[in-house]
Number of protein chains: 2
Amino acid sequence: MTLTKNTFIGEYFYSLDAKGRINIPAKFRQALSKDNKNTFVLTRGMDSCIWIYPLKQWKEIESNLRKLSSLSNLHRTFVRNTARYATPSTYDKQGRISLPPSLIEYAKLNKDVQIIGMINKMEVWNPKQLIITDNEAINIDTSAYDDLAEKITL
Amino acid sequence: MTLTKNTFIGEYFYSLDAKGRINIPAKFRQALSKDNKNTFVLTRGMDSCIWIYPLKQWKEIESNLRKLSSLSNLHRTFVRNTARYATPSTYDKQGRISLPPSLIEYAKLNKDVQIIGMINKMEVWNPKQLIITDNEAINIDTSAYDDLAEKITL
DNA sequence: TAAGCTTGTGGGTAGTTGTGGGTAAAAACC
DNA sequence: GGTTTTTACCCACAACTACCCACAAGCTTA
């Protein structure tokens with residue numbers, strides 16, 4: 001059963017093969033709308049993980065970047081750092097995408113990988129790195145949650 | 001897989017050969033629409049790098065420059081410095097363009113070069129220079145950077 | 001319970017990609 | 001005008017990637 005189109009939830013455990021490929025959860029593939037053309041855009045996440053956007057979602061980011069002028073040092077730096085690490089990748093007949101070596105290194109991936117649905121994108125983690133990040137999250141200022149509570153109705 | 005036409009993302013490492021040629025990433029070549037006629041316009045970037053525009057994109061810049069009044073000293077200088085160093089270059093059967101010696105010197109290029117997709121153009125860097133520029137970017141006002149990131153919705 | 005489909009993983013192969021270098025036409029120089 | 005230098009176009013090849021087939025394990029359905 002697929003929920004909303006282009007929306008990803010849940011966590012999955014797969015293995016990275018010798019050719020640097022990982023499986024995309026079948027449920028995520030089913031959730032993709034046709035106009036994504038079986039293609040994702042991979043890039044560095046803000047934590048030690050890889051972010052995977054459906055093509056359509058990435059195009060929105062692109063069109064925002066396109067508006068920024070290269071005359072501004074700030075804009076130039078932002079476009080460079082955002083565009084630089086992004087790579088498109090289409091999944092094969094078996095539902096796998098191949099990860100570029102630079103991203104495998106960035107996310108410190110070994111054989112075991114964990115994929116997490118993040119609503120509008122997915123994250124690929126080394127399970128061990130995720131545990132570390134989880135532990136660090138304990139130190140988050142919980143009072144900041146109250147600010148968030150005003151924006152989001154749980 | 002090609003994303004949007006005339007849109008460039010990702011970073012690539014190539015070498016500048018003895019004849020002053022560099023490879024254009026295959027993905028970038030595929031992204032070019034036919035009306036670019038395999039031609040780029042190269043010019044000085046605002047950092048220590050070379051900017052490479054698809055012909056079509058450059059023509060847009062030209063028409064924008066045309067609108068600037070020569071009565072303004074600022075405008076005159078800006079138009080002059082933008083137009084001055086621009087050179088067209090068509091890529092060969094193997095997908096390479098040759099860089100004029102003046103631009104090679106300007107960007108301080110040696111054998112190793114790095115190409116970065118900047119959405120509407122690409123940048124050619126000496127990897128070492130890019131690291132220096134990256135480090136300087138630390139001085140950027142981080143709150144302004146965060147504001148920008150919030151608008152783009154990554 | 002058996003048959004059939006789906007899912008995750010391994011691996012072979014043909015085509016693509018990046019790089020070096022040769023040759024002839026064109027341009028620049030004296 | 002003839003010689004040298006530069007540029008444009010071509011071929012060659014190693015490394016890599018995209019695409020395909022295969023199969024085992026799990027789930028579904030009859």
Side-chain angles (χ1 to χ4, degrees), chain A residues 1-2 8-32 36-42 52 55 86-105 109-117 122 124-127, chain B residues 1-3 8-32 36-42 52 55 87-105 109-117 122 124-127:
Chain A
M1 171 61 197
T2 301
F8 313 111
I9 58 174
E11 75 175 343
Y12 300 84
F13 295 85
Y14 296 118
S15 58
L16 180 69
D17 71 18
K19 291 184 180 176
R21 299 173 298 188
I22 52 166
N23 192 53
I24 299 291
K27 279 190 180 163
F28 288 4
R29 263 144 43 201
Q30 288 154 8
L32 283 175
N36 284 293
K37 296 174 179 170
N38 300 349
T39 303
F40 295 96
V41 174
L42 329 180
I52 302 188
L55 178 57
T87 330
S89 185
T90 303
Y91 63 80
D92 66 17
K93 225 175 182 178
Q94 283 69 246
R96 292 169 296 190
I97 54 170
S98 62
L99 307 178
S102 61
L103 285 178
I104 291 176
E105 193 184 349
L109 298 184
N110 297 320
K111 178 126 173 96
D112 295 323
V113 300
Q114 186 168 359
I115 297 187
I116 297 180
M122 52 189 111
V124 181
W125 285 86
N126 176 336
Chain B
M1 173 61 200
T2 303
L3 296 167
F8 312 110
I9 60 172
E11 74 178 343
Y12 302 83
F13 295 86
Y14 296 119
S15 57
L16 181 69
D17 71 18
K19 293 182 181 177
R21 300 172 299 187
I22 51 167
N23 191 53
I24 299 291
K27 281 190 179 154
F28 289 4
R29 265 143 41 201
Q30 289 155 7
L32 283 175
N36 284 294
K37 298 173 180 168
N38 299 350
T39 303
F40 295 96
V41 175
L42 328 181
I52 302 187
L55 180 57
T87 330
S89 183
T90 303
Y91 63 81
D92 68 16
K93 218 176 184 179
Q94 282 69 246
R96 292 170 296 192
I97 54 170
S98 60
L99 306 178
S102 62
L103 286 177
I104 291 176
E105 192 184 349
L109 298 185
N110 297 319
K111 177 129 172 88
D112 295 322
V113 300
Q114 186 167 2
I115 298 187
I116 296 183
M122 51 191 112
V124 182
W125 285 85
N126 176 336

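Worth saying up front: this structure is predicted, and the values here are computed from it rather than measured. Below, chains carry the letters A, B, ... as their sequence lines are ordered, and counting in each starts from 1.
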| remark: Correct closest heavy-atom pair for B:S98 and B:R21 would be CB-CG, 3.9 Å
| task | On DNA chain D, check which nucleotide each of A:K19 and B:P101 is closest to and give me the residue with the more 5' one. | result | B:P101
| NA contact type, A:S98, heavy-atom cut-off 4.0 Å: base, sugar-phosphate, or nothing? | sugar-phosphate
| field | Side-chain touch B:Y91/B:R96, heavy atoms, less than 4.5 angstrom | value | no
| query | How are the rings of B:F8 and B:F28 set to each other: parallel, tilted or perpendicular (split at 30° and 60°)? | reply | tilted
| field | Side chain B:R21 and base C:dG18 donor-acceptor under 3.5 Å | value | no
| query | Under 4.0 Å: is that the gap between some side-chain N or O of A:Q30 and OP1 or OP2 of C:dT7? | reply | yes
| Terminal axes of the helix from C:dT1-D:dA30 to C:dC30-D:dG1 (five pairs each): angle between them, nearest 10 degrees | 30°
| Where the side chain of B:D92 is concerned, which of C:dT17, D:dC20, D:dC10 is the nearest nucleotide? | D:dC10
| query | Does OP1 or OP2 of C:dG21 have a side-chain N or O of B:R96 closer than 4.0 Å? | reply | no
| remark: Taking every heavy atom of A:P25 against every heavy atom of A:I115, the minimum-distance pair comes out as CD-CD1, 3.9 Å
| Of the nucleotides C:dG8, C:dT19, D:dC21, which has the atom closest to the A:K93 side chain? | D:dC21
| Between C:dG8, C:dG18, D:dC21, which nucleotide has the shortest distance from any of its atoms to the side chain of A:N23? | C:dG8
